[in-house]
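Structure record follows, encoded as structure tokens.
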Amino acid sequence: MTNTADVVVIGGGAIGASVAFALARRGASVTLLDASTPGRATSASAGGLWSLGESLGLGCGVILHTAQQGAGDGPAPLPRTLMDFLWASNLRFPSLAAELRTLCGIDIEAEAATGLLYLVYDEEQERHASRIIEWAGSDHGAVEKWAPQHIRDRDPLITHDLRSAIHFPGDNQVNPMLLTEALKRGACAKGARYLAEARVRALRCSNGRIVAVESDKGTIACGAVVNAAGAWGAQIARLAGIEIPIQPVRGQIICTEALRPGTLRSNLSTRDCYILQKAHGEVIIGSTTEYCDFNTEVRYEDMCSLAAGAIRAVPALRKVTLKRAWAGLRPGTPDELPILGAAAELENFFHATGGFRTGIVAAPLTGEVVAASVLGQTPEFPIEPFLASRFQRIYV
Amino acid sequence: MTPPAIVIIGGGPAGMSAAVAAATQGLSCTIIDEGFALGGQIYRKPTNPERAPAPHPRGEQLRAEVAKLAQQIQVRNGDNVWGIFDELRVAVTSPDQHTELLQPQALILAPGAHELVPPFPGWTLPGVMTPGAAQILIKTMGVAPGKRVLLAGTGPFLLAVACQLVDAGVHVVAVLEASSRPAWLSLPLHGFRTPEILAEGLAYLSKLDRAHVPVRYGRIVVAAQGETELNAVEHAPVDAEWFPDNNRIETEQVDTLLVGYGFVPRLQLAQMAGCNLELRPDVGGWIPIRDRNLATSVAGIFAAGDGAGVAGSLVAALEGQLAGMAAARFLGAIDEATFAAARDSIEQELARLKPLRRALDKISALQPGLMSLVRDDTIVCRCEEVTWREAREAVCAGSTTYRSLKMTSRAGMGACQGRFCWPFLSRLVAAEAKCSLADIGPPSARPPLGPITLGALAPEPRDK
């Protein structure tokens, strides 16, 4: 086994796997280092591909900085750049799913027609809803307002006690674990090396470059390093003497026993929670958004409020058996945009972290643009708004 | 209502003894037990007393002692403890899905153990069950599990269940004990201080002998046959490491196979409470680390009985007493001298039981040959119906921990949270990946441990 690689990717979540896949597909020799850390966001994720829903600040996708500003009728949207980035990434899922199925036989369960419904319960939300439609604009699919009867016809289990809903036809879902596994295996099929349980201990630097990565599975001499360590991204950057403002943001999730597939056709987002049924039949209800360091415990009170929110949206869930509760740590940044691309301080160190609530939907395009930057090619989507250097401009 | 000073989870010998010991010191206790009556598995109370055999006298006595202290001991039967949250908050849900958070000053965990069944071809066929499941049928309802029954596995529990089946008039074809006859014949050397237990064992053997039930040592079940239900069992002699000799397979026509290779401590509550754990295969696997007073690493939480290391009902009752006294001491209800005196006498009795217990643990220790039975298409995770081929492929691709194997193969992702599959699956993974059981770790414990509905977390508004 060789202990050199063109590129070492640190982090085996959806982002790291996607970067490794994109690099390997471009012919680079890649080593992907994984460490199964409790609370990893990919494993905890529900797998919603809500490129619009999340960037527009729907429901419980309460966006931190705007929520903290106390905006009037609900949170304001994130910058247009992110929405466009996520939209472009989301569009890649159908072809990526086909490619991965051929390459490694894994169906990533990318569903094309679930769509996302944002349930509008009251007048205040109604005002927020009309602004959302305006923000979404016309170039992101046919976002439209649905009347209660239309909602009932499509998804009869949704509460009748609502005013309307906004339908986002392009916001579907995927199985995040299978996505990651398929990307990993796809990368390996293209020649990448995957090392499990390989926690990174040190980054060896010399003359403004990282020359080797020291891990539990040995030291790897390398030409470049990608930091895809998610919520642990700041810790990895610190090994290279670099500070980036990544903070873990806990999300608690509850999940029901498997119900007949198709029991819920749409993904739902409400003021209290989101609700989606996975291909396997389980209904996932999430999630909290809270700073609590690296604590991955589940709180009783939060389980209760998620359950209450889900029952409000889909009353039939009251009698359904709860299977499991868990928590994951999202990589949060102060402006809620990811941190991608070259680190200014070291010439061969690249970031691919800070995906916050949208790491899964962003994974395909993130892999592409980061791989292109590492190899000195022009990324197909401008990466400048996501460079870590933006924080120096703002905070220094 | 004021919360009880002590909440005891589990109403078997350990839980009942703990409640009696603590309540005798004037402390209020609540025992929460999932069964419909106190007793646990070993002292299970019949629901159908006319047909079921008479309950065990030691169980009757403990139930009577608890009943005498009804002023201090509240008993909640049929309730489901599904989570322990910070600050000793215990989430309990009743069968009508009413949920309460109890917050005692001390917590005694006495959840017992569950049975250990290795995966082998055909083990998921209807008609294959555990000795404990058959025992529940007989003890509570007086119902026979089948007409022609074969028992297989290891340990004295098989003999006890075989005798109960004989008493219930069931045709027991044979008992297959994996360990060798010479190993069992050496037991009296270790049990001379506990003649009453040896006598109990001999009584089982002579009862089976009178009923013409052969006990065949050094044999294991290698496969169960049947299309839609069990109709035959293949078994073979084994070597010292329990590897079967496949040239000497015998086939037995039976409709019921009871398989049990000992017990696994029910660890999940201790794990969820944040107790430090250690791996002790000799007593069943991962257990909470305890000090001399049975205190875990979390202040105010004590652990007693098989749930903290499998040692049987006599040890469990003694540990329960000690945990009850230790909790009383922790809460200041007794002074150190009183406590130390009580502990000394309990420890003496525990020491008397120990040599025989140790010898039994050694005889029944799982051997690697048992892990050689799985085939590619054998299901290794029953909840998610994952085959060994699927799990092994995930292991080969680098998933060598519970967490990563669960993510890639779904093994252990079901409602049981890996409780039933992981004791064996972890051994299979360790052998395949050439790593240690300690590296692989126990499955994580997540709420809810028992089934509750979403409605149990969201009470309906009263005005509706």
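Chain naming here is simple, since letters A, B, ... match the order of the sequence lines and numbering starts at 1 in each.
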* Measure the CD-SG distance between A:Glu257 and B:Cys383 for me, rounded to the nearest 0.5 Å. => 12.5 Å

* Which one, B:Arg89, B:Lys406, B:Arg446, B:Met272, leads in non-hydrogen pairs under 4.5 Å with chain A? -> B:Arg446

* Part of A:Leu317 lying under 4.5 Å from any heavy atom of chain B -> both

* What closest approach, in Å, do A:Ile285 and B:Leu454 show between heavy atoms, and which atom pair accounts for it? -> CD1-CD1, 3.8 Å

* Contacts of type side chain to side chain contact (heavy atoms under 4.5 Å, CB included), residue A:Ala41, not counting sequence neighbours -> A:Pro331

* Asked: Are there more than 12 heavy atoms of other residues, nucleotides or ligands under 6.0 Å from atom CD of B:Glu34?
  -> no

* Structure fact -> Greatest number of non-hydrogen atom pairs under 4.5 angstrom with chain B, of A:Cys188, A:Cys304, A:Pro176, A:Ala308, falls to A:Cys304

* Part of B:Leu449 within contact of chain A (heavy atom distance under 4.5 Å) -> neither

* Select, from A:Ala258, A:Ala310, A:Ala325, A:Gly309, the one with the greatest count of heavy-atom pairs under 4.5 Å involving chain B. => A:Ala325

* Asked: With chain B, which of A:Glu282, A:Met177, A:Arg40, A:His280 has the greatest number of heavy-atom pairs at distances under 4.5 Å?
  -> A:His280

* Any donor-acceptor pair under 3.5 Å from A:Arg299 side chain to B:Phe85 backbone -> no

* Asked: Measuring heavy-atom distances to chain B, does A:Lys323 have an atom under 4.5 Å in its side chain, in its backbone, in both, or in neither?
  -> both

* Of the backbone (N, CA, C, O) and the side chain (C-beta and beyond), which part of A:Leu306 lies under 4.5 Å from a heavy atom of chain B, both, or neither? -> neither

* To do: Heavy atoms only: give me the nearest B:Thr99-A:Tyr300 pair and the separation to one decimal.
  => CG2-OH, 3.3 Å

* Structure fact -> Applying a strict 4.5 Å limit to non-hydrogen atoms, the region of A:Thr256 in contact with chain B is side chain

* Are there more than 12 heavy atoms of other residues, nucleotides or ligands under 6.0 Å from atom CD of B:Glu278? -> yes

* **Heavy-atom closest contact (B:Thr400 atom, A:Glu197 atom, distance)** => OG1-CG, 4.1 Å

* **Separation of A:Arg318 CZ from B:Leu457 CG (nearest 0.5 Å)** => 10.5 Å

* When you look at NZ of A:Lys190, are more than 12 heavy atoms from neighbouring residues, nucleotides or ligands closer to it than 6.0 Å? -> no

* Members of residues 410-426 of chain B whose heavy atoms come closer than 4.5 Å to chain A -> B:Arg410, B:Gly412, B:Met413, B:Gly414, B:Ala415, B:Gln417

